[in-house]
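The sequence lines fix the lettering, A, B, ..., with proteins before strands; numbering per chain opens at 1.
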There are 2 protein chains.
Amino acid sequence: MTSVDEPVRPDRRLPDAARTRSDILEAATGEFARAGYDGARVEEIAARTRTTKRMIYYYFGGKKQLFAAVLERAYGALHGVEELLDVGHLDPVTAVRRLAEVTFDHHERHPDLVRLVGIENIHGGEHLAAARRFGRIDAPGLATLREILDAGRESGVFTADVDAVDLHAMISAFCFYRVAGRHTFGALFDRDLTAPARRDHYRAMLADMVIAYLKG
Amino acid sequence: MTSVDEPVRPDRRLPDAARTRSDILEAATGEFARAGYDGARVEEIAARTRTTKRMIYYYFGGKKQLFAAVLERAYGALHGVEELLDVGHLDPVTAVRRLAEVTFDHHERHPDLVRLVGIENIHGGEHLAAARRFGRIDAPGLATLREILDAGRESGVFTADVDAVDLHAMISAFCFYRVAGRHTFGALFDRDLTAPARRDHYRAMLADMVIAYLKG
DNA sequence: GTCTATAGATAGATAGAC
DNA sequence: GTCTATCTATCTATAGAC
């Protein structure tokens, strides 16, 4: 029970139930990302929390629903970043560069999200579909991209007639593959796509590519 | 036993042992691609062959080694395609377009390979590393790309100073994501990246992007 | 080389007390 | 809401006959 006269300690900012839920989701994110859906162990998730395996079933119902909740939370974090992005005052070229960089940085900072997305695709997207039945998961970044492309076409700096969804796919592809494909790529070509020393290089490469494409 | 006076039936072109091995690999490719490494069932793989579960252990030693063999075979097929590629007589722009298209087509035609690569990355590339300890897996397409880039820079059509490995990563990223990320992308943006009606569009988009980037 | 039967380990899920 | 103990199913792997 949280009462008003109880001092708010750092790990007590949430009511107990919400905090337990949040703890479980945090631990589950790591475990699912580590081992995949079938490789993940509910036992191991419980061991990473202050609570027990029984509570996971109590709060989420089962492994499947837990994974769906983990996914939903991960996407929510990504889209939160996109919402904060304010590029309305920038010229189209700079704006699209910023958008590509923000997408790049988020993948860079959250390899777990990338892994979860990869895992979810192995399983045909079934959990995400389930999650979407309850709350919509929207990507605000797409609307921003649409505006940038319109502005660029109007001012004549972008000659290619590109669809916003397609361009978003292109940007996502590069960001995703750099993280999700790094092990096989590294093994075959002896190059670590995620080496810190090459991070700025790849971020610039992505933005240059997108802009070159838009300028036709 | 295959003897000289026995008629060679279509499914008897290989000696029995090799044929059984090949059958198992074929079935295992499908099952691993369907369910992931931990989700795949050795029982199910056996059921898809003319042989039994016991033989899988007899031939491959275990599930892990079987998956490694499946990967090795899948990469072999990809690199076989790259070897057949003859672009020496083409101008650099056309040559790089051809290379991008061949890579695109191979991913399009072999979604199972794409899924296997995704699965292998979930598991940190350990099986591929194991496979490489025995036989090298080389990507001949990379040498071709290097030659094209050199020729393009010399003739002055390519102004960007791009590394062949990096450009290969960029091309692979797009081809990979279109297949490996289609479920989550489709769920979020309501667009099927692998719809047959859009295939030519995306193939051209990839080539256009690469060429625009190389022309600076 | 090929089969049947089974060992041995471990997972997800739950019962039931408090 | 939280714990311990356990059920039930299932999976990889192997023994052993032929």
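- Between the CD1 atom of A:Ile56 and the P atom of C:dT14 there is a distance of 13 Å, given to the nearest Å.
- Considering only the side chain of A:Tyr58, D:dT2 comes nearest among D:dT2, C:dG1, D:dC11.
- Remark: C1' of D:dT12 and CE of B:Met55 are 17 Å apart, rounded to the nearest angstrom.
- Note on A:Thr51: a side-chain N or O is less than 4.0 Å away from OP1 or OP2 of D:dC3.
- Rounding to the nearest 0.5 angstrom, the gap separating the CD1 atom in B:Ile119 from the CG atom in B:Leu71 is 8.5 Å.
- In terms of phosphate contacts, A:Thr52 brings a side-chain nitrogen or oxygen within less than 4.0 Å of OP1 or OP2 of D:dC3.
- The separation between B:Phe32 atom CZ and D:dC11 atom P is 14 Å, rounded to whole Å.
- Out of D:dT12, D:dT2, C:dG12, the shortest distance to the side chain of A:Tyr59 is found at D:dT2.
- When heavy atoms are screened at a 4.0 angstrom cut-off, A:Ala46 is found touching no nucleic acid atom at all.
- The interatomic distance linking B:Lys64 (NZ) with D:dC11 (C1') rounds to 15 Å, in whole Å.
- Using a 4.5 Å cut-off on side-chain heavy atoms (C-beta onward), B:His127 and B:Glu72 make no contact.
- Distance CD1 (A:Ile24) to P (C:dG12): 15 Å, rounded to an integer number of Å.
- Map A:Glu43 and A:Arg54 each onto its nearest nucleotide of DNA chain C; the residue landing nearer the 5' end is A:Glu43.
- Between C:dA13 and A:Tyr57, a contact under 4.0 Å exists linking OP1 or OP2 to a side-chain N or O.
- A straight line from CG of A:Asp38 to P of D:dT10 spans 14 Å, rounded to a whole angstrom.
- No close placement of the A:Tyr177 and B:Tyr177 rings is indicated, their centers lying 6.0 Å or farther apart.
- When the P atom of C:dG12 is taken as reference, atom CZ of A:Phe60 falls 16 Å away, rounded to whole Å.
- Defined by atom type and a distance below 3.5 Å, a donor-acceptor pair is missing between the side-chain atoms of B:Thr49 and B:Asp23.
- When the P atom of C:dA11 is taken as reference, atom CD of A:Glu44 falls 10 Å away, rounded to whole Å.
- Between B:Phe60 and B:Leu25, the closest side-chain pair of non-hydrogen atoms falls below 4.5 Å.
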